[in-house]
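Residue numbering restarts at 1 for every chain, and letters A, B, ... go by the order of the sequence lines.
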2 protein chains.
Amino acid sequence: MTPRAARGRSSTAAMILATAEDVIQRKGYSGFSYADVAAELRVTKAALHYHFPGKAQLGEALIATWGTRFTEALASLDAAGGPALARLDGYIKLHAEIIGKRKMCLCAMLAAEYQTLPTAMRAALVRFFDHRQVWLEGILEQGRSEGTLQFGGAARDSALLIISALEGAMLLAIAHGDLERFNATVTSMVAVMRGPE
Amino acid sequence: MTPRAARGRSSTAAMILATAEDVIQRKGYSGFSYADVAAELRVTKAALHYHFPGKAQLGEALIATWGTRFTEALASLDAAGGPALARLDGYIKLHAEIIGKRKMCLCAMLAAEYQTLPTAMRAALVRFFDHRQVWLEGILEQGRSEGTLQFGGAARDSALLIISALEGAMLLAIAHGDLERFNATVTSMVAVMRGPE
DNA sequence: GTCTATAGGCAGATAGAC
DNA sequence: GTCTATCTGCCTATAGAC
């Protein structure tokens with residue numbers, strides 16, 4: 001089955017996705033190859049080409065998978081309810097878990113390599129970031145009306161600032177191999193959002 | 001001349017450095033090749049290997065060059081004097097100029113690809129970021145004592161936050177092709193640092 | 001679904017002529 | 001200093017057997 005799309009994805013397709021994702025998070029899209037993934041899974045490159053015809057299609061599937069997982073994580077934070085500050089904390093923890101494994105967010109890594117990506121991947125990337133931004137805007141608006149979060153200007157601009165700070169902090173943490181730096185940066189950011197006592 | 005080191009660098013070596021820097025800022029270290037640079041300069045790959053024996057050595061030279069240029073830019077901001085807020089603005093402008101050309105900071109791009117870099121490049125990268133951080137800490141301390149900048153906690157943590165936000169904002173701007181987003185993010189950050197009226 | 005085999009190309013690098 | 005020529009190896013991708 002799984003003719004050429006990996007929709008109701010076979011376990012092999014799922015393993016390919018997981019491994020490719022991991023490699024790209026560490027080495028980037030240009031730095032990853034079918035050979036890497038095939039070797040780690042102990043299959044041949046041809047097997048990968050069966051499930052995903054080319055690197056570009058695999059890349060698109062990876063962004064889609066990542067987006068779905070992220071959406072689910074955000075929905076789960078929403079379902080837990082609670083004040084905006086708690087949801088923001090949960091949002092930050094999603095990033096802390098990734099950097100704890102010395103990886104970048106998949107989409108941040110791809111964003112850096114944007115100018116080398118095929119068109120379909122570029123479009124998917126932009127949609128991903130837009131979705132994140134909208135969710136965060138909602139949290140910020142909620143926090144402002146609750147009084148748990150403080151910020152001046154449009155919620156959109158503060159949402160962008162939070163996303164930027166998180167992704168940038170991960171970039172620095174990767175280079176320094178230093179989780180403490182990431183935590184200090186984020187703590188400092190949250191302190192700003194909570195406002196003066 | 002220029003036996004194998006490009007110290008009192010020939011004009012060719014300088015052109016190689018400039019072109020390689022540009023390509024890496026757009027495509028990354030894995031995404032760049034001697035062939036790219038040679039073609040753009042209308043010389044052969046062998047000519048590049050004469051000036052820089054290998055990709056790793058060229059990479060090291062690029063970080064060194066970038067670091068020197070950055071240091072000079074910061075010294076020039078210091079020489080201009082003025083309040084901390086003005087220097088911070090100058091610092092931000094350095095980044096705005098780069099993103100205006102749809103490029104990443106060289107070292108931020110390399111940081112994303114950290115796990116693919118040769119050891120010497122890794123070490124040079126970390127030194128670069130440390131230097132930036134120290135300079136910013138100084139600006140922040142100055143701003144706090146002047147009363148032009150406000151922040152809680154250690155200057156180091158706010159310095160990390162500023163660097164993170166700038167690099168992350170560049171990442172998003174590259175993907176969205178949207179300079180306005182970068183400006184909005186940065187404006188929002190500066191507003192926070194100026195504190196409430 | 002996964003394999004072997006292989007094509008065709010580009011990567012990083014070197015030797016040696018000019 | 002720059003070139004031509006060449007090497008070796010890895011890359012993406014395909015054809016066709018099992």
Side-chain angles (χ1 to χ4, degrees), chain A residues 1-21 23-24 26-62 110 113 115-121, chain B residues 1-24 26-63 110 113 115-121:
Chain A
M1 313 267 177
T2 315
R4 304 230 109 196
R7 272 298 154 266
R9 63 229 205 269
S10 71
S11 72
T12 301
M15 277 165 38
I16 292 169
L17 286 170
T19 305
E21 180 181 286
V23 176
I24 293 179
R26 296 179 200 276
K27 303 191 181 177
Y29 184 73
S30 300
F32 125 94
S33 74
Y34 268 36
D36 289 330
V37 177
E40 189 157 326
L41 291 178
R42 315 286 220 99
V43 294
T44 60
K45 291 180 285 176
L48 271 72
H49 280 288
Y50 169 77
H51 292 281
F52 303 96
K55 204 177 164 177
Q57 288 76 22
L58 176 50
E60 289 173 55
L62 286 170
L110 295 176
E113 299 178 285
Q115 307 195 29
T116 70
L117 300 180
T119 316
M121 286 183 68
Chain B
M1 316 268 176
T2 315
R4 302 230 111 196
R7 273 299 153 263
R9 63 227 207 270
S10 71
S11 72
T12 302
M15 277 164 40
I16 291 169
L17 286 170
T19 305
E21 180 181 286
D22 184 82
V23 175
I24 293 179
R26 296 179 200 275
K27 303 191 184 178
Y29 183 74
S30 300
F32 123 94
S33 74
Y34 268 37
D36 288 330
V37 177
E40 188 156 327
L41 291 178
R42 316 284 220 99
V43 294
T44 59
K45 290 183 286 175
L48 271 72
H49 280 287
Y50 169 76
H51 292 282
F52 303 95
K55 202 176 166 177
Q57 288 76 22
L58 176 51
E60 289 173 56
L62 287 169
I63 298 176
L110 294 177
E113 299 178 286
Q115 306 196 29
T116 70
L117 301 180
T119 316
M121 287 182 67

Colleague: Distance-only, no hydrogens or angles: does the B/Gln57 side chain make a donor-acceptor pair with backbone N or O of B/Gly54 under 3.5 Å?
Modeller: yes
Colleague: With distance as the sole test, does B/Lys45 use its side chain to make a donor-acceptor pair with the main-chain N or O of B/Ser33 at under 3.5 Å?
Modeller: no
Colleague: Mind checking what makes side-chain hydrogen bond (donor to acceptor under 3.5 Å, both in side chains) contact with A/Ser30, not counting sequence neighbours?
Modeller: A/Glu113
Colleague: Assign a letter to each nucleotide of nucleotides 3-18 of chain D from its 5' end: B, base within under 4.0 Å of a protein heavy atom; S, sugar-phosphate only; -, no contact.
Modeller: BB------SBBB----
Colleague: Can you establish whether the number of heavy atoms outside B/Lys27 located under 6.0 Å from its atom NZ is more than 12?
Modeller: no
Colleague: Rounded to the nearest 0.5 Å, what separates atom CG in A/Leu41 from atom CG in A/Asp36?
Modeller: 11.0 Å
